[in-house]
Amino acid sequence: GSAGGGCAGGPGAGQLCCLREGGERCGRAAGNASFSKRIQKSISQKKVKIELDKSARHLYICDFHKNLIQSVRNRRKRKGSDDDGDSPVQDIDTPEVDLYQLQVNTLRRYKRHFKLQTRPGLNKAQLVEIIGCHFRTIPVNEKDTLTYFIYSVKNDKNKPDLKMDSGVH
């Protein structure tokens, strides 16, 4: 069968949060934020007793749990010390890009540009989930990116605000 989809009133409308906390299913209304395996992994070391309810037929979470998860994840990023064990993979601390800030049309253009295969009629949450997985796989050569950025700035490329800086060049 199909999982949710096509709800009037946007993602998560009329559904309860898909999480269990301390063994009990959350009774709050689901919002447009969704729970993913990546989120589960990033909070699993945090002594936070929340997990996906296997009987939920969607991945939407309430605003309470969204804020809780964000505060738990951010606390870790600011800490700076590596006392989480000596895992060589520090990839979990890469900055998270909030794809929910993009418009659905932009998400669809991204999907088209990268020729991502999806079933038709996906809602915003489903698009964000699929695009997020793809986006995180794109390799970035940090040195080349920074070099190009500095080159662009020095050569007056795309600098709308800097023109009012001063009349002296």
Can you give me the closest heavy-atom contact between [X] and [Y], atom names plus distance?
X	Y	result
Gln40	Leu52	OE1-N, 3.9 Å
Ala125	Tyr100	CB-OH, 3.1 Å
Tyr60	Ala30	CB-CB, 3.6 Å
Glu21	Ile50	CG-CG2, 3.7 Å

Measure the spacing between [atom1] of [X] and [atom2] of [Y] and express it to the nearest 0.5 Å.
X	Y	atom1	atom2	answer
Arg38	Lys41	CZ	NZ	7.5 Å
Cys17	Asp63	SG	CG	9.5 Å
Glu129	Leu59	CD	CG	6.5 Å
Asn105	Arg112	CG	CZ	8.5 Å

Are [X] and [Y] close enough that some pair of their side-chain heavy atoms sits under 4.5 Å apart?
X	Y	result
Lys111	Ile130	no
Ile61	Cys18	yes
Leu107	Gln103	no
Tyr151	Thr147	no
His65	Leu68	yes
Cys26	Arg20	no
Arg119	Gln126	yes
Lys66	Phe35	no

Keeping the roles fixed (side chain from [X], backbone from [Y]), state whether a donor-acceptor pair exists under 3.5 Å.
X	Y	answer
Lys124	Asn32	no
Gln101	Asp98	no
His58	Leu16	yes
Ser152	Tyr148	yes

> Is there a chain of hydrophobic side chains (I, L, V, M, F, W, Y, each step under 4.5 Å between heavy atoms) that links Ile138 to Val128?
Replying inline: yes

> With the 4.5 Å side-chain cut-off for hydrophobic clustering, are Ile39 and Phe64 part of the same group?
Replying inline: no

>> Checking Arg25 now: which residues fulfil salt bridge (charged side-chain N to carboxylate O under 4.0 Å, His left out) with it, not counting sequence neighbours?
In response: Asp53

>> Which residues pass the salt bridge (charged side-chain N to carboxylate O under 4.0 Å, His left out) test with Arg109, not counting sequence neighbours?
In response: none

> What pairs of residues pass the ring pair (Phe, Tyr, Trp, His ring centres under 6.0 Å) test when at least one of them lies in residues 115-134, not counting sequence neighbours?
Replying inline: Tyr110-His134, Phe114-His134

